[in-house]
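To keep things clear, I will list the structure first and then write my remarks on it.
In the text below, chain A, chain B and the rest are named by the order of the sequence lines, each starting its count at 1.
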Amino acid sequence: MIHVLFFASIREQLQTGKLSIELDADGITVAGSASIGLSVSTVEQLIAYLASTYDQSWLPVLSADNVIKAVNQQVVDKNFIISDGDEVAFFPPVTGG
Amino acid sequence: MIHVLFFASIREQLQTGKLSIELDADGITVAGSASIGLSVSTVEQLIAYLASTYDQSWLPVLSADNVIKAVNQQVVDKNFIISDGDEVAFFPPVTGG
Amino acid sequence: MNKSLPNSAITIRVQAADFDVNAEQKNLRELTRSVGAIVSFVGLVRDINDAVSVSSMELEHYPGMTERTIKDIADKANQRWSLLGITVIHRIGALAPTDQIVLVAVSSLHRGDAFQACEYIMDFLKTNAPFWKKEKTSEGERWVDARVTDKKAEQRWHQ
Amino acid sequence: MNKSLPNSAITIRVQAADFDVNAEQKNLRELTRSVGAIVSFVGLVRDINDAVSVSSMELEHYPGMTERTIKDIADKANQRWSLLGITVIHRIGALAPTDQIVLVAVSSLHRGDAFQACEYIMDFLKTNAPFWKKEKTSEGERWVDARVTDKKAEQRWHQ
């Protein structure tokens, strides 16, 4: 299982705050659905998978240069390899403080 | 009249916190005493006058390099010219804050 | 450099409730009687941002990652300077102009360390801790944009 | 740069009584709803100074010149940075370890100005305002020596 989180303007654009993806031996499946057999290993591949599964409009939103990717609460780049059980988050530049 | 103030370790060394000196046309007199006719115009000359009038041990105390001189609450050097009515202060390096 | 500040001397809280600067400074003063300096930064909601009037804002965050990021920043500050205590409190939820948003308070023996560390922590919190502000303004709602000046403030510390 | 901070936004007090950081910050927040940042420095009496245990201290000052010197420092800070308010409170008389000695609180739109100005004011107060500390220690009474590091901290700002 991979937990995917979206925050702030990204959450609003996708109209989704979180979702889970089931990983099986062959690749990944959307939770509760059958496996679609697409191989996902990097953050970039996860974005492509999410767009193909949910909505192609997600691709430009999640691929934008300024979108920050975090795996297990550490910032990573798009080539970071995701493992089963990981928490993957997408968010815009931070504006706290 | 010139008002002279001493603070902190200088006040303790001289065992005096303040004194007043009467200026007259010829020079200065200690308040309540007769004029001694010594010409005083700079801070350095005031120090010499104070030592000759009160105690020669005041000369090295007030002439020490690290003693700060202030006239009318502004830091000055030993060549600053004193005028009637001035407040002249001597104190060690400051240690507040 | 003191690299041994115990975890108990680092306090990090993310909360909806307001904070009390006196109480937080008192905690830092009670950690050790050797504290000579406390530097505090308080960030406030301004009534005007980018020339638009702000009536209120909503602060969203990434639970868990915010605390973890701030702890990491505090640890790095503690390695870089000689510190006695660090307290960081960041509010979330609905806030109005003049409300307190964030407190960074740092104690040390001598003031230079506390000044540097406090500014360092704020600069990295601003650019790294996952909080987002959404303002309600006279022109509608908007997400606040990240500032180039904040990124530059952070980058000073890498030099 | 904002060179027009009104005198009413600069508060300077020399007093025996303790001060309340919350109350002073509240005053700065009420000056204008545009305040985005408040940086505060609090100096405290330490229990050990130069390796000797301190039981209490007496703070002497030059009445009038202290206030005048601090006002001059605050005016210079106000010319150098864009500030909204400055509060400086310095205590005199008998103080014990962990007691608050001095508060410098500076408010501004953006934090960089407040951080710089707060440290600037402290650095010049330390080397120019006529206060003197006399400590009661385990080895008797002694006047505190001025620190070379304080003079160096001031000199940074002349560069």
Side-chain angles (χ1 to χ4, degrees), chain A residues 1-21 42-44 46-47 50 54-55 57-97, chain C residues 12 14 41-46 49-50 57-73 88-93 95 100-104 118-135 141-151 153-154:
Chain A
M1 183 94 89
I2 295 171
H3 305 277
V4 185
L5 304 172
F6 307 106
F7 291 100
S9 57
I10 308 239
R11 173 179 51 71
E12 286 189 345
Q13 285 176 276
L14 306 188
Q15 296 181 286
T16 307
K18 60 179 164 181
L19 50 83
S20 294
I21 293 166
T42 67
V43 173
E44 186 172 34
L46 173 65
I47 292 172
L50 291 170
Y54 290 93
D55 193 319
S57 72
W58 288 25
L59 191 63
V61 172
L62 295 176
S63 304
D65 275 350
N66 69 347
V67 170
I68 297 164
K69 284 79 72 176
V71 174
N72 299 330
Q73 306 184 354
Q74 305 261 32
V75 173
V76 299
D77 69 20
K78 65 185 181 182
N79 299 315
F80 190 89
I81 294 170
I82 302 165
S83 305
D84 194 19
D86 281 353
E87 178 176 290
V88 183
F90 297 89
F91 49 82
V94 304
T95 58
Chain C
I12 292 159
V14 176
F41 171 83
V42 174
L44 303 162
V45 181
R46 295 164 52 203
N49 191 19
D50 288 336
M57 70 161 59
E58 185 74 25
L59 248 156
E60 180 173 337
H61 79 304
Y62 180 172
M65 184 168 172
T66 44
E67 294 86 343
R68 184 179 180 143
T69 304
I70 296 169
K71 176 65 163 62
D72 182 53
I73 297 167
V88 181
I89 303 175
H90 201 296
R91 294 178 68 192
I92 51 171
L95 296 171
Q100 300 186 127
I101 303 171
V102 61
L103 169 70
V104 177
C118 186
E119 194 166 11
Y120 173 96
I121 292 168
M122 259 319 289
D123 285 348
F124 279 83
L125 186 156
K126 273 269 180 188
T127 47
N128 289 277
F131 295 98
W132 302 274
K133 289 174 182 155
K134 190 176 194 179
E135 294 175 338
E141 289 193 352
R142 64 176 184 187
W143 290 98
V144 172
D145 275 334
R147 288 179 183 276
V148 174
T149 52
D150 285 330
K151 195 66 199 168
E154 186 215 285

Report which part of A/Ile68 has an atom under 4.5 Å of a heavy atom belonging to chain C: side chain, backbone, both, or neither. neither

Proximal component of A/Asn72, with respect to chain C [non-hydrogen, under 4.5 Å]: backbone

Any donor-acceptor pair under 3.5 Å linking the side chain of C/Lys134 with the backbone of A/Ser9? no

Closest approach of [X] to [Y] (non-hydrogen atoms, all atoms of both residues):
X        : Y       : value
A/Ala70  : C/Met65 : CB-SD, 3.9 Å
C/Ala146 : A/Val94 : CB-O, 4.0 Å
C/Val144 : A/Thr95 : O-CG2, 3.2 Å

Determine which residues belonging to residues 73-80 of chain A lie within contact range of chain C, meaning some heavy atom pair is under 4.5 Å apart, and list them by number or answer 'none'. A/Gln73, A/Gln74, A/Val75

Under 4.5 Å from any heavy atom of chain A - which part of C/Asp72: neither

Bottom line for C/Asn128: the part with an atom under 4.5 Å from chain A's heavy atoms is backbone

For atom NZ of A/Lys18, decide whether the heavy atoms of other residues, nucleotides or ligands shown that lie under 6.0 angstrom number more than 12. no

Are the side chains of A/Arg11 and C/Glu60 in touch, meaning some heavy atoms are under 4.5 Å apart? yes

Partners passing side-chain contact (heavy atoms from CB on, under 4.5 Å) against C/Thr66 (at least two apart in sequence or in another chain): C/Val14, C/His61, C/Pro130, C/Phe131

Suppose we screen for side-chain contact (heavy atoms from CB on, under 4.5 Å). Which residues come up paired with A/Val61, at least two apart in sequence or across chains? A/Ile10, A/Gln13, A/Leu14

A/Phe7: which residues meet the ring pair (Phe, Tyr, Trp, His ring centres under 6.0 Å) condition with it, sequence neighbours left out? C/Tyr62, C/Trp132

